[in-house]
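For reference, the structure is listed below as structure tokens.
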Amino acid sequence: MKTCDCEDIYWDGRHYDKKYQDLAEDIPFYLRQVEKYGEPVLELACGTGRVTIPIAEKGFDITGLDISEPMLALAKEKAAERKVDVKWILADYRDFKLDTKFNLIIIPFNSMAHILDLESLNACFSRVKEHLTASGRFIVDYFNPRLDFLLRDPSSRRLIKEYPDPDGKGIVVIYETNVYDAVTQINRIKWYYKIGDEGKEWIKELNMRIYYPQELDELLLLNGFKIEVKYGNFDETPFESQSPKQLIVCRKS
Ligand SMILES: C[S@@+](CC[C@H](N)C(=O)[O-])C[C@H]1O[C@@H](n2cnc3c(N)ncnc32)[C@H](O)[C@@H]1O
């Protein structure tokens, strides 16, 4: 099983929250799923609680699990500020054991991309099955890979984000390059950070495993899940070729 190689990009939850401060389109979708499938809920790879906390704020019983200490530290701080009750677990989603079984387990915002090899994927899905009630649902939320994105010119830098530095040092500017390896199906991304006018450039690397639609469905089936529905976006329209998302609701078969 490959070791988790994403510590570098989740080094400070405040940067993560600033970077994704405009991202909220998935929250109403998750709230609808919790209302439909019930609690308790387990969010795998919960990060800074971007999805976890709004669910808890509606009064649902939710546990957030993540491998990153800095991300969880900020999640705890935010939950305390907003006076919501969440159980936070520092663990690897491939290797955890909790006393609770859940009616809903979710893995939002492409977090499966950090699962780089089959052994890790099988381990994660096994943990999900162990922690799901007999009628519980597992929701995978992963993008629909676009070949035009993956095959972009590796030497061209694209501006992807600008936000105010959480320590007040100026504007953080991030450029991106990527190289897609078709053998491993890993998209090797580099983020070039610069803070303020004087700042030196620093590079962070992100390896994202690409899961194509049929492959993802088959991996779920081969791991003992039955797919109930596959949406193509958070408005719950059916999955089709141009859909931006793969939102798969499944249960144990
Ligand atoms: C894209 S962020 C998503 C965070 C949050 N769910 C959200 O929607 O904002 C991915 C998260 O996956 C976590 N992660 C990566 N590998 C993991 C692993 N093996 N076990 C648990 N969490 C992991 C990272 O620490 C990070 O917080």
Side-chain angles (χ1 to χ4, degrees), residues 1-31 33-34 41-57 60 62-79 82 86-98 102 104-128 130-131 138-143 145 160-161 163 174 176 186-187 189 191 204-211 234 244-247:
M1 201 151 51
K2 290 199 170 156
T3 50
C4 175
D5 69 349
C6 60
E7 279 166 26
D8 192 35
I9 57 159
Y10 300 118
W11 86 105
D12 183 333
R14 296 171 311 154
H15 278 267
Y16 179 88
D17 275 7
K18 288 275 183 209
K19 189 165 178 221
Y20 297 110
Q21 60 195 354
D22 298 327
L23 177 65
E25 58 168 355
D26 50 353
I27 311 281
F29 168 81
Y30 283 111
L31 288 172
Q33 308 316 305
V34 182
V41 183
L42 171 63
E43 182 187 353
L44 299 179
C46 65
T48 59
R50 190 186 62 80
V51 174
T52 340
I53 293 172
I55 294 175
E57 281 177 326
F60 294 110
I62 185 160
T63 298
L65 179 150
D66 201 281
I67 201 168
S68 160
E69 283 192 38
M71 296 288 272
L72 269 190
L74 184 58
K76 286 178 190 168
E77 207 179 296
K78 283 163 41 183
R82 298 196 211 170
V86 177
K87 290 172 267 319
W88 301 107
I89 311 285
L90 179 67
D92 190 323
Y93 51 33
R94 300 168 300 176
D95 182 18
F96 64 94
K97 187 163 174 41
L98 308 177
F102 298 87
L104 182 61
I105 301 183
I106 58 177
I107 181 160
F109 196 28
N110 313 321
S111 299
M112 269 194 61
H114 296 305
I115 302 179
L116 301 179
D117 60 311
L118 183 61
E119 201 185 343
S120 296
L121 181 120
N122 291 343
C124 176
F125 283 179
S126 293
R127 300 296 84 72
V128 169
E130 286 161 11
H131 289 84
F138 175 40
I139 301 184
V140 170
D141 165 353
Y142 184 82
F143 57 89
I160 55 155
K161 211 50 117 184
Y163 59 81
I174 311 175
E176 178 184 272
I186 291 177
N187 189 26
I189 296 169
W191 283 334
K204 292 196 171 280
E205 297 187 16
L206 163 65
N207 294 321
M208 292 185 91
R209 170 65 203 257
I210 302 303
Y211 291 101
F234 296 112
K245 299 293 297 184
Q246 305 188 64
L247 298 169

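Numbers here simply count residues along the sequence, with the first being 1. Just so you know, ligand 1 is whichever comes first in the structure, and atom 1 is the first atom listed for that ligand.
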Which protein non-hydrogen atom lies closest to [atom], naming both residue and atom, and how far is it?
atom                    : answer
atom 20 (N) of ligand 1 : Tyr93 N, 2.8 Å
atom 23 (C) of ligand 1 : Ile67 CG2, 3.5 Å
atom 12 (O) of ligand 1 : Ala45 CB, 3.2 Å
atom 27 (O) of ligand 1 : Asp66 OD2, 2.7 Å
atom 8 (O) of ligand 1  : Arg50 NH2, 2.9 Å

### Query
Is the backbone of Cys4 close enough, under 3.5 Å, to the side chain of His114 for a donor and an acceptor to pair up by distance?
no
### Query
Side chain of Lys2, backbone of Ser120: donor and acceptor closer than 3.5 Å?
no
Show which atoms of ligand 1 fall inside a sub-4.0 Å distance from at least one heavy-atom site of [X].
X     : answer
Cys4  : 16 (N)
Asp92 : 18 (C), 19 (N), 20 (N)
Met71 : 27 (O)
Glu43 : 5 (C), 6 (N)
Gly47 : 4 (C), 27 (O)

Heavy-atom distances under 4.0 Å decide this one: backbone, side chain, both or neither, for [X] against ligand 1?
X     : result
Tyr16 : side chain
Cys6  : side chain
Tyr10 : side chain
Cys46 : backbone

### Query
Going by atom types only, do Asp141 and Tyr30 share a side-chain donor-acceptor pair under 3.5 Å?
yes
Taking side chain as C-beta onward, heavy atoms only, is [X] less than 4.5 Å from [Y]?
X      : Y      : value
Tyr93  : Arg127 : no
Leu104 : Phe60  : no
His15  : Lys18  : no
Leu31  : Ile55  : yes

### Message
Among Asp8, Asp12, Asp5, exactly one meets salt bridge (Lys or Arg N to Asp or Glu O under 4.0 Å) together with Lys204. Which residue is that?
### Response
Asp8
### Message
For Trp191, does the six-membered ring have the charged nitrogen or CZ of Lys161 within the cation-pi criterion, i.e. under 6.0 angstrom from the centroid and within 45° of the normal?
### Response
no
### Task
Answer yes or no: is there an ion pair linking Arg50 with Asp17, defined by an N-O contact shorter than 4.0 Å?
no
### Message
Looking at ligand 1, is there an atom of it that comes within less than 4.0 Å of some heavy atom belonging to Ala91?
### Response
yes
